[in-house]
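First comes the structure, then the notes that go with it.
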Amino acid sequence: MTTRPQLSMASPSSPAAALKPVLIHLLRGASDLASVAATHAKLVKAGFASPLASSNHLLAAYCRCGAMCCARDLFDGMRDRDVVSWTTLMSGYAAAARPRDAMSLLRAMGSSGVRPNAVTFSTAACACARLADAGLGRQVHAQAEVAGCARDAVVATSLLDMYAKAGGVEDARAVFDAMAAPARNAVSWGAMLAAYAQNTLGDEAIRLFAELRTHGGGVAPNHFMLATVVSACAGMARLGIGRCVHGAVLRLGYGNNDVISVALVDMYSKCGCYEYSRKVFDRIEQPSVVTYTSIIVAAAKYGRWRCVLTLFNEMVDQGVRPNDVTLLGVMHACSHSGLVDTGLQLLRSMQSKYGVAPCPSHYTSAVDMLGRAGRLEEAFELAKEAQVEGNDALLLWNSLLSACRTHKRLDLATMAGQRVFNNQQDVAGGLVMMSNAYVSAGQIDNAAAVRSSMRLRGIRKDPGCSWIEVKDTPYVFYAGAISCAGAWADEVLMLLDELESKMRERGYRGRLGSARVSDAHEDEEEEGKGVMVGVHSEILALAFGLLVVPKGMTIRVMKNLRMCSDCHEVFKLISGIIEREFVVRDLNRFHHFKMGSCSCNDYW
DNA sequence: ATAGGGTTAG
């Protein structure tokens with residue numbers, strides 16, 4: 001930021017009183033520490049440093065620069081402090097990712113006798129949101145209620161957001177419901193939509209969006225809401241509704257909004273329609289880092305590495321500097337296409353070439369690609385070199401464990417498993433990996449032991465499920481449970497029998513449904529309830545899709561976990577037997593099955 | 001003067 005010479009050159013002959021508004025104006029426009037400090041000096045010289053209003057402006061200016069030490073020194077030296085002084089400093093701490101300091105300031109404020117106002121409560125709620133601490137947030141809520149501020153639109157919206165970010169969607173909704181309808185403005189509707197979307201309640205987000213249009217009391221959808229709803233559709237892979245929302249985006253005149261375009265690119269790619277993603281991207285006039293990244297990530301999901309590298313080079317040529325997410329997307333593309341050395345090179349050169357330091361996720365991606373390629377010793381060395389901690393470490397070592405499983409390297413799996421256990425974090429994923437590694441090595445007893453220790457310790461993993469959208473309605477399938485097919489259940493079974501025998505003729509040796517131990521990668525709670533014990537959810541969803549999706553239409557199956565190698569083989573075989581195309585969305589990529597093969601070329 | 005919501009990655 002530059003200072004404004006025409007303002008700093010206030011006439012020396014002007015009376016001091018005239019200087020004050022000029023200096024205050026300077027402060028309000030300043031966002032760099034040097035000019036704030038310079039103006040501070042001038043204020044002191046002119047004798048205005050101590051009056052409350054000037055100090056508050058200075059305080060706000062220091063907070064805007066993120067110079068929290070300067071802000072604190074100033075605050076501590078102030079003779080008088082009013083609610084604005086306290087609130088300004090609190091808000092500075094919250095914005096500087098120091099929510100704990102903001103909250104201790106709230107307590108100190110209480111004992112100093114200055115009464116908080118609506119802005120103070122809103123700021124405190126924001127700090128609690130950053131801490132994701134609903135307990136502390138509830139105390140703020142209670143204080144605001146007592147002070148009569150809780151119905152204030154801004155306070156209520158901040159509290160709503162706080163509950164949502166602390167995982168209490170019901171509490172967030174209660175705050176929303178308690179707001180009088182006229183108090184609900186575009187921001188509160190947007191915050192409630194985001195609350196659902198961020199807590200993976202996409203259906204609720206879509207329902208609320210519909211409610212806005214019928215009972216919104218004149219509040220029009222804005223770009224915040226549209227981006228949120230599109231992202232909710234992406235999360236649930238709901239192509240039908242996603243296209244409707246895209247229509248609304250265009251009708252409302254937001255077709256040129258970058259943030260919405262990014263959400264649309266992501267939505268179409270997660271719905272299995274890369275071509276639509278491409279169309280949305282091609283309409284963007286001046287793609288930014290984020291828009292380039294969204295299409296790179298989309299192409300990476302489809303294993304289109306040539307496309308990814310072309311886009312990446314084009315972006316760099318255009319002078320758009322890649323960020324950490326872009327580079328991760330390119331690395332994923334390398335990983336999913338077997339371009340191990342290109343990917344590793346990128347990891348080693350990202351700092352010098354693009355000024356981006358490798359994050360834990362970049363190391364995880366690199367470990368993943370080495371692991372897939374069977375270069376497990378290198379993967380292990382790199383994992384150690386990365387020196388990551390906490391949840392990041394879990395992801396990293398899990399990735400290695402998964403590779404150990406695929407390549408039946410129990411020796412390394414045990415060492416990697418140890419690293420997972422050493423992390424005091426959520427270990428469910430690691431334990432499942434361990435159990436699967438034992439299964440692959442034929443050590444069924446050990447696998448069972450890990451599983452039962454999980455049950456004893458009350459550790460659960462999200463059950464694996466697959467779903468398919470038919471005429472805008474999602475049908476969700478769990479392993480072994482055919483009841484989801486409703487009236488079609490019997491026909492699903494018959495079709496699976498028929499397919500199994502046809503696959504046999506082509507050399508398939510497995511079984512689609514039986515109590516196989518290798519099914520351990522999916523939840524077995526449904527065991528016994530279904531007619532076909534052990535049949536994987538994606539196979540059920542596919543069979544259902546083959547029956548109900550009209551011929552000629554691509555069948556799109558979504559899955560919340562990664563597809564297992566058995567199912568991958570089965571899907572390839574089925575696509576060769578039946579002349580239909582189907583797309584499976586994995587946890588992290590797409591598989592397009594056609595005439596007996598898959599777009600991933602078995603790299604996954 | 002001080003305050004509230006959104007996109008890409010996992």
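First the proteins, then the strands, lettered A, B, ... as listed; each starts at 1. Quick caveat: nothing in here was measured; it's all calculated off a predicted structure.
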Inset, instruction - Verify the distance criterion only: is there a donor paired with an acceptor across the side chains of Ser158(A) and Asp161(A) at less than 3.5 Å? - result: no
Inset, instruction - Would you jot down, in residue-number order, the residues of residues 95-110 of chain A having a non-hydrogen atom under 4.0 Å from DNA chain B? - result: none
Legend entry - Residues Arg207(A), Asp203(A): salt bridge by 4.0 Å N-O rule: no
Legend entry - Gap between atoms NE2 and P, on His362(A) and dA9(B) respectively (whole Å): 13 Å
Inset, instruction - Remember a base hit wins even if backbone is also touched, and classify Leu328(A) as base, sugar-phosphate or nothing at under 4.0 Å, heavy atoms. - result: sugar-phosphate
Legend entry - Lys NZ or Arg CZ of Arg81(A) over Phe75(A) ring: under 6.0 Å, within 45°: yes
Legend entry - Derivation of the ring-ring contact (aromatic ring centres under 6.0 Å, His included) call for Phe176(A) and Trp189(A): CA-CA 8 Å; Phe176(A) 184 76; Trp189(A) 279 93; 5.1 Å; yes
Only pairs under 3.5 Å count here: list side-chain donor-acceptor contacts from residues 194-202 of chain A, not counting sequence neighbours, and write none if there are none.
from	atom 1	to	atom 2	distance (Å)
Tyr196(A)	OH	Arg173(A)	NH1	3.2
Asn199(A)	ND2	Ala164(A)	O	3.3
Asn199(A)	ND2	Ala195(A)	O	2.7

Legend entry - Whole angstrom value for the distance that separates C1' of dA1(B) from CH2 of Trp86(A): 18 Å
Inset, instruction - Considering only NZ, NE, NH1 and NH2 on the basic side and carboxylate oxygens on the acidic side, decide whether Glu275(A) and Arg278(A) come within less than 4.0 Å. - result: no
Inset, instruction - Let me know which of Tyr292(A), Tyr274(A), Tyr276(A), Tyr268(A) forms a ring pair (Phe, Tyr, Trp, His ring centres under 6.0 Å) with Phe281(A). - result: Tyr292(A)
Legend entry - Annotated protein contacts, base or backbone, on nucleotides 2-7 of chain B with a non-hydrogen cut-off under 4.0 Å, one of B, S, - each: BBBBBB
Inset, instruction - Apply side chain to side chain donor-acceptor pair (under 3.5 Å) to Ser277(A) and Ser269(A), showing your working. - result: CA-CA 6 Å; Ser277(A) 294; Ser269(A) 84; 4.6 Å; no
Inset, instruction - Respond yes when some side-chain nitrogen or oxygen of Lys270(A) is under 4.0 Å from OP1 or OP2 of dA9(B), and no when none is. - result: yes
